[in-house]
Every structure is written in C-alpha cells, then in structure tokens.
Number of protein chains: 2
Amino acid sequence: MSDQTTLTDAVHTLLKRAIIEQALKPGMRLPEDTVGEQFGVSRTIVRHALVRLQNEGLVDTRRNRGAFVAEPSLEEAKQIFEVRRALEAEVIRLLVERMPSSGFDQLESHVRSEQGVKGKDGPVSIRLAGEFHTLLAELTGNAVLSRYVSEVVLRCSLIMAMYAKTHSSECAVDEHSQVIEAIRARDVARATAIMNHHLGAVAGRAELENKPDSVSSILSRYGKELAS
Amino acid sequence: MSDQTTLTDAVHTLLKRAIIEQALKPGMRLPEDTVGEQFGVSRTIVRHALVRLQNEGLVDTRRNRGAFVAEPSLEEAKQIFEVRRALEAEVIRLLVERMPSSGFDQLESHVRSEQGVKGKDGPVSIRLAGEFHTLLAELTGNAVLSRYVSEVVLRCSLIMAMYAKTHSSECAVDEHSQVIEAIRARDVARATAIMNHHLGAVAGRAELENKPDSVSSILSRYGKELAS
DNA sequence: GGCAAGCAAATTGTATCCAATTGACGCGAG
DNA sequence: CTCGCGTCAATTGGATACAATTTGCTTGCC
C-alpha cells in the first residue's frame, strides 16, 4: 500500500494531511486544476484523489460545482463521535485480550512524542493526538477496524478544526497515558471509561462552542414549506 | 446521494450488485475497458467506480495488473466479522434507545419479504439477508454507522460466497425475527446475544467448510522449500 | 528437455480534449 | 430602485489518445 506509490496516492496523502492540519480550512474550495498545477499533475490525478477523500468524508463534492473541504454539521459530528466511541471501545477490548508484545513500547514512545510538543497547539500536535488512536487500533492487528478508526479519527480532527477554539492537547496526553495503564492492567471497564471520558470531553468542548450550524442543515428545517 | 445520478454511481451500484449476487465471482478479473464497453461508458467512469469498490474492500487492484473481485482470506474474514459484531452491537444499543416510530413496521415488512423467498438460495435471498442488517443500521439515524455496517455486510456476503456452500437463509430469517422482538422488548443483552449467535453461526459455517483457501495463502506454506 | 532472454500483446497510468452544467454579471422592464 | 432574464466565463463530467509497465509466449541456447 505504501510502496504502491502512484501519483494518486501521493496527492491523496498530501491533501489529507493539509486538511487535518487545517492548512485547508473547512468550506474551502478545491478546484481540480488549481490543485493539479500546484502539485504538477493533471486533473485526472486530482480527481481520483478527491473521489477517495470524498469516500472518507473529508471533502464534499457537488455536481458540476466542485469539491470543498467538508464542513461536518453538528448532527454529523455527533454521529461520528458515536461511531468512534463504539469502535474504540472494541479496540480496547481486543487489546486487553491480545496486545502484541512490542505494543506498550510503541504506545509509550508515541506518548513521549506527544509530550515533546506539549503546549504548542500547532498542526503537529493535532496530528499526533489523532495518531495515538490510530496506533492503538493498528495494534489490534485488525486491518478493517484500523481503517475505520483511522477514518473517524481524521473526521474528528476536522470537526475539532471547525467547532473547537483550541485543541487543548494537554489533557489529552494525560488521558492517553491513563488508557495505556488501564489496558496494561487488563481493566476493560476502566480503560473504556477513560476513553469515553476522553472522547466525551473532546465532543463536549466542540458542542459547547455556539458556532453557527451549517447553512444547509438550518435551511432544511424551513424547506418543507416550499416542498409542495 | 441517490439523485446525484452520475454515471460513476450507476456503474458502481451495478458492479456492487453483481459482486454480492455472485454473478462476478471472487478472483474474477475486471478489465477497465471490458467493463466499460459492456455498460457503454468509457474507462474513466469504470475506473472511478473501481476506486470506490476498492475502498469498500470489494475489489483488489494491483498496479498495472488490473482489478479483481476481492478474495478475502480467512484471516481477513475473521477481522471483518469481528468488526461487524462490534458495529451491530452498537446498532442494537442505539435502537433499543431510540427506535423510530415506523421502525418495527419496516423491519417486519422486510422479514416478510425474506420469508417470501424462503428456501430459494438464489441471489435475491442473499441480498435480502444482507439488507436486513443494513436496514437495521439505517434505523439508528446514524449515517456514518449505517455506511460502515453496509460495508461489512457486503464484504460478509462476499466471504460467504467464497467459503460457504449454501447461504442457509432459513435460520437467518428466524433469528432476524427474534432480534426484532428483543429490541421491541428493549432487552439489549438478549438482542445482542441473538445477533452474536446469528453472526457466529454464519462465520462458523464459513470456516467449517473446507473450501480451498486463497491461492497465495496456501502456497505461502509451501514456498519455504524453494526459498533458499 | 529445460531454462533464459527477448519480443509482442494486453492493460493500466496519465495527459489532453470536447461537452454540459452552473454561477455571475449586466441589461432592461416594471 | 428592484426584480427577472439572457449571455458569458469558469469549472466539472466524460471520452479519447499516448506512454509506461507487466505478462505470456516464442525462440534460441545449453
């Protein structure tokens, strides 16, 4: 997968990183030829990359209008967090049951990386916070689960980019350590509780900000009057 | 989504149906221009559809080699069932909590459809059995969850196509009814237990059939002798 | 008879080209 | 002054053409 280095993969990866690091902000347009000439490839490539990003829920495309960085509505955000909670609970259950031998080392090493950028709210911090969860999922050895977790984590990054003022990474790192410890102690209930609290805090921080809901979701409540 | 009727969507849908109904069997090649001229569209469209199918795990593509209907290994199959169990457990939890008003009617109506084709092991039976689970997921109102369930259900259909002699739909229909009843009674534990048993039976049936494993996975056990 | 090198066919990877749809601007009527 | 309509630029949707890579087969050599 990684060495299957077609141009489409490269563009896809770059765009993905640009989106989750908030270089490309939600709602921003992504014209195919602009992106294409930026990377020095043709529209065909960009198009394929955009199709994949759309499947991952990171961009929305509207027919004959173009692609935009996705703007998840609050409703969508809730759904994503709901799924994420369920998936990560499964991850924890599996890890308590069968954490690979080098697993804890990798996790602790990652947490140290996170602590290394503690305080800075830059893009690196955001990416690392997400990658902790992705790493956790990969350690289950279940590629399907890992892919899904990766997707929802990325979309959550996008949500935080929209609805949270700051990523507040300091509490996250602590909770990451606590999760590791609970898993090491084979305490499913505690690990799940911490994880739920962790995600709940993140989700709550997002929802408390009274950012305007997406336009389409607002108008959908008024559209019925014109439906006849 | 449905009225965004681009050609890519159409081809994607058709190929998907052809695969899960086993008209296209696992391992079968899907050359872009063959498929293209079959549907009367250009390779561009087919390629987009194939990219999407690959993301859904229904086809494998190898660089400069082409696309093949996926042949999930037993390992992959186990992973998919693992994720499916977790996702469907979440579906049940959510439905017990917030089943929409017309939900039970839709479910019972669907089960009646399934009973209508009872006994026939044709493609229709396979599709309906899967759609029950998809419908269940859609009733949660969570589009993300619904999409993931839909994906794993489809991949499970593919797995059954490879590893199970018959789809044995008669027990499935019964268990579907039992799940509905348990949800109606708001009994999460029972509903989950039935669902796990249901999926376990399906998975077990797949593994007990000693169908040949995928070629690469078989040969990997013999390759060592020639490896030097 | 088996094996390696090389050639030819098939298939994908990428770029370019034409057509169709959309949004915006400007003009004129009320 | 505002609203509706027509034209036009911009952008995507789709098809075709060319290049690169792989595969299988043929051929010649050992």
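Per chain, numbering begins at 1; letters A, B, ... match sequence-line order.
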Name the closest nucleotide to the A:Asn64 side chain, picking from C:dT21, C:dT12, C:dG23. C:dT21
Given atom CD1 of B:Ile45 and atom P of C:dT12, what is their separation to the nearest angstrom? 16 Å
Among D:dT12, D:dT23, D:dG14, find the nucleotide with the atom closest to the side chain of B:Thr8. D:dG14
Donor-acceptor pair under 3.5 Å, B:Arg43 side chain vs D:dG14 base: no
Among the nucleotides C:dT12, D:dG14, C:dA15, whichever has the atom closest to the side chain of B:Arg47 is C:dT12
Looking at B:Arg63, I'd like to know whether one of its side-chain N or O atoms comes within less than 4.0 Å of OP1 or OP2 on C:dG13. no
Whole-Å distance, B:Arg62 CZ to D:dT21 P, equals 19 Å
Residue B:Arg29, side-chain heavy atoms: nucleotide from C:dA15, C:dT11, D:dT12 that is nearest: C:dT11
How many Å lie between CZ on A:Phe68 and C1' on D:dT11, as a whole number? 10 Å
Just how far, in rounded Å, is P of C:dT16 from CD of A:Glu37? 12 Å
Which nucleotide in D:dG13, D:dT16, C:dT12 has an atom nearest any side-chain atom of B:Ser42: D:dT16
What is the separation between atom CG on B:Leu7 and atom C1' on C:dT21, rounded to the nearest whole Å? 14 Å
Under 3.5 Å, is there a donor-acceptor pair between the side chain of B:Thr34 and the main chain of B:Leu30? no
Examine B:His176 together with B:His198 and report whether their ring centres are nearer than 6.0 Å. yes
Do the charged groups of A:Lys78 and A:Glu82 touch, with an N to O distance under 4.0 Å? no
Determine whether the side chains of B:His110 and B:Glu131 contain a donor N or O and an acceptor N or O closer than 3.5 Å. no
A:Phe39 CZ to C:dT14 C1': how many Å, rounded? 17 Å
Between B:Gly66 and A:Thr44, who's closer to the 5' end of DNA chain C by nearest nucleotide? B:Gly66
Euclidean distance, atom NE2 of residue B:His48 to atom C1' of C:dT14 [Å, nearest integer]: 12 Å
Should we say atom CD of B:Gln38 is surrounded by more than 12 heavy atoms from elsewhere, each under 6.0 Å from it? no
Between atom CD in A:Glu32 and atom P in C:dT14, what is the gap in whole Å? 16 Å
